[in-house]
Amino acid sequence: MSKVFVSIALTLDGYMAPEGMTMEHWETPDYKNWGAKWGALMTWLMTTQYFRENLKFPTGGETGPVNDLVRNTMERSGANILGKRMFDQGEASWPEEAPFHTPTYVLTHEKREPWVRPGGTTFYFINDGPERALELARKAAGNRDIRISGGANVIQQYFNLSVVDELEIALAPVLFGGGRRLFENLREPGPQFRIDSVLNGPNATHLRYVRK
């Protein structure tokens, strides 16, 4: 059966995104220094060969275990789920060939027709809540897995539904001091995980947890 998993980057103080990283300030990355902070958090990803190839960046990039981890995350994903804020920021910055290459379900109150992009990504805008999005994602994914891509609020909703089977965290050695935290608004009892693996990379420690 398909697994539901989360794979994200996190700061040492528990933030997924810095303060000031909003659509209002998307064109001004020096606002509260959010651009530099985001770059520091995501260095581990942006330097990998697979990521650079996927987003059509100039050639180059690092190979090795972290690159293999990024490749596996993408290749195991048969569907993605994300929130409207993450979609809006991506719509403003992704290349024409969006990076998911799967059916991708956007949790939103906005009604909008599916948006088909080159390379296999189609965005579906779901107004009926996280359960409905997961139901559709399971059907679309087949025997591949479903990734809850973010942001923090969407991941929290799926934690509270107790459906997350695996959690992969790239723990970067940076501090934000403010922004959007991952582990907030969680109900009791929360899901229980065990440590499955630890990979030490040059720019992050990669922690993988699986549901007990």
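Since the model is a prediction, treat every value here as computed from it, not as a measurement.
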Side-chain donor/acceptor of T48 to backbone N/O of W44, under 3.5 Å: no
Plane angle bin for W34 and W26 - parallel if under 30°, tilted between 30 and 60°, otherwise perpendicular: parallel
Hydrophobic cluster membership, L167 vs L207, 4.5 Å side-chain cutoff: yes
Under 3.5 Å donor-acceptor, D196 side chain and R208 backbone: no
Side-chain heavy atoms of D165 within contact of V4, under 4.5 Å: yes
Pair N160-Q156, side-chain donor/acceptor within less than 3.5 Å: no
Linked, directly or transitively: Y15 and M42 (ILVMFWY side chains, under 4.5 Å): yes
Student check: side-chain heavy atoms of P103 and K139 closer than 4.5 Å: no
Flag, side chain of N80 to backbone of I146, donor-acceptor distance under 3.5 Å: no
D13 side-chain N/O to G177 backbone N/O, donor-acceptor pair under 3.5 Å: yes
Atom pair CZ (R187) and CD (Q157), whose distance is rounded to the nearest 0.5 Å: 9.0 Å
Hydrophobic cluster membership, W94 vs W38, 4.5 Å side-chain cutoff: no
From CG (L107) to CZ (F125), nearest 0.5 Å: 11.5 Å
Short side-chain donor-acceptor distance under 3.5 Å, N203 and T43: no
Closest non-hydrogen atom pair, T102 against S77: CG2-O, 3.3 Å
N/O donor-acceptor pair under 3.5 Å between R144 side chain and E75 backbone: yes
Pair D145 + R147: basic N to acidic O under 4.0 Å: no
Residue pair V154 / L82, side-chain heavy-atom distance below 4.5 Å: no
N/O donor-acceptor pair under 3.5 Å between S2 side chain and G142 backbone: yes
ILVMFWY network linking Y158 to I126, side-chain heavy atoms under 4.5 angstrom: yes
For I81 against A137, the heavy-atom pair lying closest together: CD1-CB, 4.0 Å
Sole residue of H25, K32, E24 in side-chain contact (heavy atoms from CB on, under 4.5 Å) with T28: H25
With W115, the ring pair (Phe, Tyr, Trp, His ring centres under 6.0 Å) member among Y124, Y105, F123: F123
Check: K84 main-chain N/O paired with E110 side-chain donor or acceptor under 3.5 Å: no
Distance in Å, I148 CD1 paired with S7 OG, rounded so as to fall on 0.5 Å steps: 12.0 Å
Check: R85 and M23 side chains under 4.5 Å, non-hydrogen atoms: no
Presence of salt bridge, K3 and E168, under 4.0 angstrom: no
